[in-house]
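None of these values were measured; they are calculated from a predicted model. Numbers for residues simply follow the sequence, beginning at 1.
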Amino acid sequence: MMFAEPIPVIDLFAGPGGLNEGFSCVHRPDGQDAFQVRLSIERDFHAHRTLELRSFFRKLRSGRVPEAYYDYLRRSEPSEEIRRNELFGKYPDEAAQAREEAWLAELGREEPRRVHERLSHALGRTTDWVLIGGPPCQAYSLVGRSRNRGKPNYVPEDDERQTLYLEYIQVVADHLPAVFVMENVKGLLSATLNDQRIFQRIVEDLHFPAKALERAGRTVTPRRRHHLSSRYRIVSLVDRALFEEHDVRRFVVRMEEHGIPQARHRVILLGLREDLQPAKPGILRIESPVFASRVIDQLPRLRSGLSHGDDTFEAWAGTILSVFERANLQPG
């Protein structure tokens, strides 16, 4: 099926926008964008700033990106807020679109009606769109769980991060994306809540999102007429089998096996709306290892600038030596 316009994308728990950067880089054979991010939702102020700026960049990308954009990135004075307002002021239409696309809001605390309205407005009448994102991972990661065990009064059942995935499922049930991509840390596979594996519970809920909300005491607010029995197939990006047919570890994507210069392992679930059958998505190709040097060797060498002093080798070496001396350590 070919689409005349880019396929809409909604990004939940977007962070600084890594997933939607990937989707935004995909092009059709005719060179046009295959996807268009319509709405990204993120609660962290600083991550949202990056999200909004990258959205602004994509609005400019249809033409030549102006030097003013790169000047904003290079300059350190005056304040970042002033420089940002100056840049956005030169391109008010693109800035307004970026602010509309990148929403600073906390799912789970934002009024549900407001979330529903923003998504409905972003999607318009389209029924074929993609939902991406992943609930915060701190409650599932091995490091996060280790830290939580060290807290004397920590009760997993009271940690709202454990059930933030229901906000994702709420959007699936309300708006029925044709496809969704849910990403999380590998620790999700072993995390438990109420003596049940979180991963199995999430997958079961994604199969039948409306039923999952009913069990959680939530209601479905449909954007259009649809059956509450709508379900999804959950498939792997690295194995052709359906979820029920294989070990859960088959849902771990090892980035270094697919051309990424980083040993980053993530659980990624691909959901397909039942009416898309018999669609059979492909799987990621195994690629030769890519070393980090191939990616970063050509980048300019930078120092952090945190010391606000002279950026010379002598100043840097002196700072390092003073650290060793204060710690009563001998370098080398």
Side-chain angles (χ1 to χ4, degrees), residues 8-20 23 37-45 47-48 51 101-123 129-141 144 156-185 187-188 191 193-194 196-224 226 228 230-232 234 266-271 273:
V9 173
I10 301 292
D11 192 2
L12 306 183
F13 307 103
L19 278 176
N20 71 45
F23 274 82
V37 180
R38 296 279 186 87
L39 180 66
S40 299
I41 305 177
E42 171 55 36
R43 74 165 192 169
D44 181 80
F45 173 80
H48 171 264
L51 197 65
E101 178 189 310
W103 184 22
L104 180 62
E106 183 173 359
L107 292 170
R109 295 186 181 274
E110 187 68 36
E111 184 181 359
R113 179 183 59 82
R114 178 65 173 150
V115 176
H116 185 79
E117 289 176 351
R118 287 292 298 263
L119 266 75
S120 296
H121 176 73
L123 292 170
W129 61 282
V130 178
L131 177 67
I132 63 176
C137 63
Q138 296 94 332
Y140 307 134
S141 70
E157 290 76 15
D158 295 337
D159 188 343
E160 60 185 14
R161 296 174 302 175
Q162 295 274 8
T163 54
L164 271 177
Y165 76 89
L166 286 172
E167 301 302 327
Y168 191 101
I169 290 176
Q170 183 78 57
V171 172
V172 175
D174 287 351
H175 300 270
L176 289 182
V179 175
F180 65 74
V181 178
M182 178 183 273
E183 175 268 346
N184 217 295
V185 293
L188 179 65
L193 184 65
N194 293 323
Q196 181 183 10
R197 294 282 187 184
I198 288 286
F199 183 68
Q200 278 81 0
R201 182 160 135 187
I202 289 176
V203 172
E204 291 170 7
D205 289 350
L206 288 170
H207 272 305
F208 300 100
K211 290 184 179 180
L213 295 180
E214 181 181 5
R215 185 176 64 251
R218 295 175 172 230
T219 58
V220 177
T221 308
R223 186 172 65 94
R224 62 181 190 276
H226 67 287
L228 294 182
S230 292
R231 62 168 291 174
Y232 285 81
I234 311 300
R266 286 293 183 268
V267 173
I268 301 181
L269 301 174
L270 176 64
R273 203 173 58 209

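Of the inter-residue distances, the one linking I10 atom CD1 with L123 atom CG reads 4.5 Å to the nearest 0.5 angstrom. We find the CG-CD1 distance between L270 and I132 to be 12.5 Å, quoted to the nearest 0.5 Å. Here E101 contributes atom CD and L51 contributes atom CG; the two are 7.0 Å apart, rounded to the nearest 0.5 Å. With rounding to the nearest 0.5 Å, the separation of NZ in K211 from CZ in R231 is 9.0 Å. Note: D44 CG to E106 CD = 10.5 Å, rounded to the nearest 0.5 Å.
Of the residues listed (H207, R201, Q200), the one engaging V203 in a side chain to side chain contact (heavy atoms under 4.5 Å, CB included) is H207, and it is the only one.
In this structure the side chain of N184 never reaches within 4.5 angstrom of the side chain of I202, judged on heavy atoms. Using a 4.5 Å cut-off on side-chain heavy atoms (C-beta onward), L206 and I169 make contact. Using a 4.5 Å heavy-atom cutoff, the side chains of T221 and P112 are not in contact. Within the 4.5 Å cutoff, side-chain heavy atoms of R113 are placed close to those of E117. Under the 4.5 Å side-chain criterion, counting only non-hydrogen atoms from C-beta, D174 is in contact with H116. The shortest distance between side-chain heavy atoms of L19 and F13 does not fall below 4.5 Å. Taking 4.5 Å as the limit, some side-chain heavy atom of P135 sits within range of a side-chain heavy atom of M182. Between V181 and L269, every side-chain heavy-atom pair lies at or beyond the 4.5 Å cut-off.
Note: F180 and Y168 have perpendicular aromatic rings, judged against thresholds of 30 and 60 degrees for the angle between ring planes.
A distance-only check finds no donor-acceptor pair linking the side chain of H175 to the backbone of S120 [under 3.5 Å]. Under a 3.5 Å cut-off, the side chain of Y232 and the backbone N or O of P209 do not form any donor-acceptor pair. Side-chain N or O atoms of R266 include none that pairs as donor or acceptor with a backbone N or O of E183 at under 3.5 Å.
Remark: R118 is positioned above the aromatic ring of W103, its terminal NZ or CZ atom under 6.0 angstrom from the ring centre and at most 45 degrees off the axis.
Side-chain atoms of Y165 and D205 form a donor-acceptor pair, as typed in the model, at a separation below 3.5 Å.
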